[in-house]
> 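Input: one structure, supplied below.
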There are 2 protein chains.
Amino acid sequence: MNKMQTLSKNQQIIFDLIDKSPEPLKAYTILFNVQKKGIKAPLQVYRALDKLVEMGKIHKIESRNAFIACHNSSCQVAKATAFSICEICEKITEISSAGLSKYLTSFKDKDGMKYSKYNLEFFGLCKKCR
Amino acid sequence: MNKMQTLSKNQQIIFDLIDKSPEPLKAYTILFNVQKKGIKAPLQVYRALDKLVEMGKIHKIESRNAFIACHNSSCQVAKATAFSICEICEKITEISSAGLSKYLTSFKDKDGMKYSKYNLEFFGLCKKCR
DNA sequence: TACATAATGTTATATTATAACAATAACTTT
DNA sequence: AAAGTTATTGTTATAATATAACATTATGTA
């Protein structure tokens, strides 16, 4: 009854590439880099990306249309993501803060709406660029 | 020495449209709706959108590529935005919570990085869709 | 007036993402 | 193993989102 834990061929190829990249990758950058492995069409990339996001193996940086591997406690927080983005060098880091995720996970707005998921992107200057 | 407070012709047209829309608008929806006013090209729309975002008159909902007018204390929080998004009906609301913005504005990650800007998107089900 | 800056108009093109359909592989129940 | 089901793949075409480059006009300022 379990969801499949293993990755399919295309998913594995694309995950490996993202996972070993020091920076978030864009879909067409990924496509270019996996063409030698037989993945030829955008849709093949986007399908794998969709599944990987669903599984929590990777996250999408919405403001950059780029994908980064999850390094946050084995991806158990796929539904509660926070990133820091340096506006100069574009260094992007996933934030793991128990306090932050606790605060946001339990946040209720004034309509009493409670949320099942959030994505937070912080912008500023990293150490090096300051 | 003041930045121009008044909107240019195209900016005004596009702001008016977004401001009176009950839901976020996409760039090409905007384009379609302002063609009768003489705005014919995507670039004219994107340029106005860029400026309006810069001024804090509108915000971009990154996960939806859509634009919404700011209704948050005369747009003084253009750099600290939070939205709630219903995943069924796509109703999108800007969240005004002093507590939330205080918490996030003063948030420091473990590198001591402090942020000048953030964008937060919450996902869940609104009252009606629950 | 002259200078500088912001906004506009226009064409072309780049970038990001999905639709539609056919085929194959993997899992499940018998 | 056979039959049914679901996930994945392959492929072509196209939709949706966004920017480059360049010429012109309007606006604000010295």
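Within every chain, numbering begins at 1; the chains are lettered A, B, ... in the order of the sequence lines, protein sequences first and strands thereafter.
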> Using atom CZ of A:F32 as one end and atom P of C:dT16 as the other, report the distance to the nearest whole Å.
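My rounded result for the distance is 15 Å.
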> Does A:K51 put a side-chain nitrogen or oxygen below 4.0 Å from OP1 or OP2 of D:dT8?
yes
> For B:S8 and D:dA26, is the shortest distance between a side-chain N/O and OP1 or OP2 below 4.0 Å?
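So the side-chain polar atoms of B:S8 never come under 4.0 Å of the phosphate oxygens OP1 or OP2 of D:dA26.
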> Between A:N65 and C:dT15, is there a contact of a side-chain N or O with OP1 or OP2 at under 4.0 Å?
no
> Please round to the nearest 0.5 Å and tell me the distance separating atom CD1 of A:I58 and atom CG of A:L49.
4.5 Å
> Taking the axis from the first five pairs and the axis from the last five, what angle separates them in the helix from C:dT1-D:dA30 to C:dT30-D:dA1, rounded to 10 degrees?
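Both end axes considered, the difference amounts to 50°.
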> With a 4.5 Å limit on heavy-atom distance, are the side chains of B:F67 and B:I14 in contact?
no
> Return the value, rounded to whole Å, for the distance between atom CD of A:Q11 and atom P of C:dA25.
16 Å
> For B:I14 and C:dG9, give me the distance from atom CD1 to atom P, rounded to whole Å.
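So the two atoms are 10 Å apart, to the nearest Å.
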> Return the value, rounded to whole Å, for the distance between atom CD1 of B:I13 and atom P of C:dA7.
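Result: 14 Å.
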> To the nearest Å, how far apart are A:L31 CG and C:dA14 P?
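Spelled out: CG on A:L31 to P on C:dA14 is 16 Å.
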> Examine the side chains of B:E94 and B:H59 and answer whether a donor and an acceptor come within less than 3.5 Å of each other.
yes
> Could you tell me whether the phosphate oxygens of C:dG9, OP1 or OP2, come under 4.0 Å of any side-chain nitrogen or oxygen in B:Q44?
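Yes, because at least one side-chain N or O of B:Q44 sits under 4.0 Å from OP1 or OP2 of C:dG9.
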> Could you run through nucleotides 19-24 of chain D and give me one letter per nucleotide, 5' to 3': B if any protein heavy atom sits under 4.0 Å from the base, S if only the sugar-phosphate is that close, - if neither?
BBB---
> Are side-chain heavy atoms of B:R47 and B:N10 found at a separation under 4.5 Å?
no
> What is the separation between atom NZ on A:K40 and atom C1' on D:dT12, rounded to the nearest whole Å?
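A:K40 atom NZ is separated from D:dT12 atom C1' by 13 Å.
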> Could you tell me whether the side chain of B:Q11 and the main chain of B:S8 form a donor-acceptor pair under 3.5 Å?
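At least one qualifying donor-acceptor pair exists.
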> With rounding to the nearest 0.5 Å, note down the distance linking CG in A:N65 to CG in A:L25.
13.0 Å
> Does any donor atom in the side chain of A:E121 or A:N119 lie under 3.5 Å from an acceptor atom in the other side chain?
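Yes, side-chain donor-acceptor contact under 3.5 Å.
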> Strictly below 4.0 Å: does B:K26 bring a side-chain N or O up to OP1 or OP2 of D:dA16?
no
> Rounded off to whole Å, could you give me the CD1-to-C1' distance for the B:I61 and D:dT17 pair?
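These atoms are roughly 16 Å apart.
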> Which atom pairs, donor and acceptor, lie under 3.5 Å between side-chain atoms of residues 104-112 of chain A and protein residues at least two apart or in another chain?
residue: A:T105; atom: OG1; partner: A:S101; partner atom: O; Å: 2.6
residue: A:S106; atom: OG; partner: A:K102; partner atom: O; Å: 2.8
residue: A:S106; atom: OG; partner: A:Y103; partner atom: O; Å: 3.4
residue: A:D109; atom: OD1; partner: A:D111; partner atom: N; Å: 2.9
residue: A:D109; atom: OD1; partner: A:G112; partner atom: N; Å: 3.1
residue: A:D109; atom: OD1; partner: A:M113; partner atom: N; Å: 3.0
residue: A:D109; atom: OD2; partner: A:Y115; partner atom: OH; Å: 2.5

> With a 3.5 Å cut-off and no angle check, do the side chains of A:S63 and B:E62 form a donor-acceptor pair?
no
> Please state whether the phosphate of C:dA17, meaning OP1 or OP2, lies under 4.0 angstrom from any side-chain nitrogen or oxygen of A:K60.
yes
> Establish, with yes or no, whether the OP1 or OP2 oxygen of D:dG10 is under 4.0 angstrom from a side-chain nitrogen or oxygen of A:N10.
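So the side-chain polar atoms of A:N10 do come within 4.0 Å of the phosphate oxygens OP1 or OP2 of D:dG10, strictly under.
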> Under 4.0 Å between a side-chain N/O of A:K9 and OP1 or OP2 of D:dG10, yes or no?
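Checking A:K9 against D:dG10: at least one side-chain N or O falls below 4.0 Å of OP1 or OP2.
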> If you measure from the Lys or Arg side-chain nitrogens to the Asp or Glu carboxylate oxygens, is any gap between A:K117 and B:E87 under 4.0 Å?
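Answer for the salt bridge query: yes.
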> Measure from CZ on B:R64 to P on D:dA16 and round the result to the nearest Å.
17 Å
